[in-house]
Amino acid sequence: MNKSAPVVEIRDLHKHFAGVQVLRGINLKVERGQTVSVLGSSGSGKSTMLRCINWLEVPDGGEIYIGGDRMGIKGEQAKAMSNRELAAMRARTAMVFQGFNLWPHLTVLQNVTEAPIHVLGVSRKEANDHAVELLEKVGLSHKHDAYPWSLSGGQRQRVAIARALAMNPEVILFDEPTSALDPELVGEVLAVMRSLAEDGFTMVIVTHEMEFARAVSNEVVFIEKGQIIERAAPEKFFTNSDSERVRQFLGRYRTTTA
Amino acid sequence: MNAIEMLWDNLGVFAEGLQNTLILFCVSSVFAFILACCIAFLLEGQENIPRRLLRAVIDLMRMLPFLIFLYLLYYGLPNLGISLDVWAAGFIALITYHGAYFAEILRAARTSLPAGQAEAAYAHGFINATMYWRILLPQMVMRSGPLFGNQLVCLLKDTAFLSIITLMDLTAAASAVQAKYFVPLPPFILVIALYWSITLIVEALLRRLARRAQKRGLVHE
């Protein structure tokens, strides 16, 4: 890990599925402590880009770096990493999914301690203490022994955030974290994410929550047809974008929510 | 001599039979389950030639009548220079045959797991093996309770075939007693009651597994 390197660097990322070109040359740097929101219409490739960062999708071309270290590929001959090497790289990141993906056979507390114990090799005691702290941070201290099915969507997503934080990741990747939630439950999840941004966590957030992106991000990125067509500070992005397409996208969004 | 007396006089025979049937059943169940977990683990991942072969072996095993498989092991293998005693042949037959069925049950449970379960594990740095044993397998097992129960009952009933290769199990005990007095009904009714009691115990144990699954919302009544 190189302290001065960007936490995430994407170079000329390409990806296609069954002949459809989804990503066509994405370049992006995320610096330490930054919150970057990724916007774009459905099918623009923003989730695929996020899933390439931690190699859940294997890119067809281009390079991903986490803290200056190449993800997924090693050595001069550019060979694919072994299962173990890839896992070690992924453990430096964490992800929060649209569908939560909590492990239903484990309690809330166990969901948070599982990876620290069995991936990072942290002692059970230490992992437990950390998990208790994190669950307090996301406002779920009273739910340690509950199983995920008994929680509301907003509570599940907050457990998922605690699970991600427990890895002490260099970056947390959020894949539409509020899209599966009832409108009433969105706020509690965004409030937790906002506090993480204030605490200086590095985050990449794929989202449709415009107000949130505007209030919390250091930078907003707009993806269209697999390419980044606009990158700007949130104020500029939302009030005065240079891109005609972005203004059109935002205009449509305003008319639907006004 | 009445039926009760006849059974009472041969209590030792039935006790030995019951003991042997229980040993066969318990040991084979445990190892068939472990074997199935290992097979399901080996089947994880991209389709390749070894995996396709393993699947073919499992399918072959499942289409084979158990008795013929047992004959192959006990009477067929000596032709290849491998002699097994009845216990070894019995254990191998029960464990591999029912292991294949258990593996098939686990495979079905695996395909019904949402893809997000493995993705969340990968995203948090799990290697394949840890993910399988700690994240996927527990869910597969908890979701498969009723099917396991069914298969365990089949396993129990298949132990009776071992009486044919002269293992002194519960069925052999009943045969021996009825051959001695030429009164078939009482001994067979007794062993039926005993087999039935064993399945009741198995079902009680599986209800505990079902409760664990229900508590986690993995199955619904």
Side-chain angles (χ1 to χ4, degrees), chain A residues 50-51 53-58 81-108 110-121 145-151 156 159-160 163-169 172-175 180, chain B residues 33 37 40-48 50-51 105-106 109-148 206 208-221:
Chain A
L50 198 73
R51 290 163 58 84
I53 294 176
N54 63 359
W55 226 248
L56 284 185
E57 303 291 353
V58 178
M81 282 183 163
S82 71
N83 179 233
R84 207 166 276 276
E85 293 162 333
L86 184 57
M89 278 302 290
R90 281 169 167 159
R92 294 168 58 179
T93 70
M95 189 174 237
V96 174
F97 297 84
Q98 180 177 350
F100 325 125
N101 296 348
L102 293 179
W103 299 309
H105 61 300
L106 302 176
T107 64
V108 164
Q110 288 166 338
N111 263 278
V112 181
T113 59
E114 183 70 11
I117 294 171
H118 297 283
V119 172
L120 302 177
D145 298 321
Y147 285 99
W149 72 272
S150 68
L151 304 180
R156 287 184 206 185
V159 175
R163 176 174 70 171
L165 291 171
M167 296 299 287
N168 292 318
I172 309 177
L173 311 169
F174 290 85
D175 189 4
Chain B
F33 177 70
C37 293
F41 175 59
L42 293 175
L43 288 175
E44 278 285 316
Q46 298 275 313
E47 178 93 313
N48 58 17
R51 292 208 176 92
I105 292 170
L106 288 176
R110 175 68 181 91
T111 51
S112 74
L113 280 189
Q117 288 298 307
E119 279 186 355
Y122 283 137
H124 289 84
F126 278 83
I127 59 168
N128 290 336
T130 319
M131 174 189 74
Y132 173 77
W133 293 102
R134 294 205 53 87
I135 304 293
L136 304 182
L137 185 65
Q139 297 185 52
M140 288 150 64
V141 172
M142 283 185 214
R143 283 164 182 260
S144 305
L147 294 172
F148 280 138
L206 280 162
R208 295 175 61 166
L209 178 68
R211 269 201 295 277
R212 287 178 76 90
Q214 273 161 20
K215 213 171 134 196
R216 290 159 174 78
L218 289 169
V219 291
H220 308 284
E221 200 84 71

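By convention in this document, chain letters (A, B, ...) are assigned in the order of the sequence lines, proteins followed by strands, and residues within each chain are numbered from 1.
- Within the 4.5 angstrom heavy-atom criterion, no atom of A:Leu120 approaches chain B.
- When side chains are defined from C-beta on, B:Phe41 does not count as touching B:Leu137, because their heavy atoms never get closer than 4.5 Å.
- Each of B:Gln139, B:Met131, B:Arg212 has some count of heavy-atom pairs under 4.5 Å with chain A, and the biggest count is that of B:Gln139.
- Of the listed residues (A:Ala91, A:Ala115, A:Pro104), the one with the most heavy-atom contacts under 4.5 Å to chain B is A:Pro104.
- The candidate from A:Met95, A:Arg84, A:His105, A:Arg90 with the greatest count of non-hydrogen atom pairs under 4.5 Å with chain B is A:His105.
- At a 4.5 Å heavy-atom cutoff, B:Ala115 makes no contact with chain A through either its backbone or its side chain.
- Proximity of a side-chain donor or acceptor of B:Arg143 to a complementary backbone N or O of B:Val219 within less than 3.5 Å is not detected.
- Options B:Arg134, B:Met142, B:Glu119 differ in how many heavy-atom pairs under 4.5 Å they form with chain A, and the most are formed by B:Arg134.
- Distance CG/A:Leu50 to CG/A:Asp175: 5.5 Å, rounded to 0.5 Å.
- Partners of B:Thr130 by side chain to side chain donor-acceptor pair (under 3.5 Å), not counting sequence neighbours: none found.
- Contacts of A:Arg163 with chain B are made by both backbone and side-chain atoms, with heavy-atom separations under 4.5 Å.
- With a 4.5 Å cut-off on non-hydrogen atoms, A:Ala164 touches chain B through its backbone and its side chain both.
- Here the side chains of B:Tyr122 and A:Trp55 are not in contact, with every heavy-atom distance at 4.5 Å or above.
- Taking CG from B:Leu113 and CG from B:Leu136, the interatomic distance works out to 6.0 Å, rounded to the nearest 0.5 Å.
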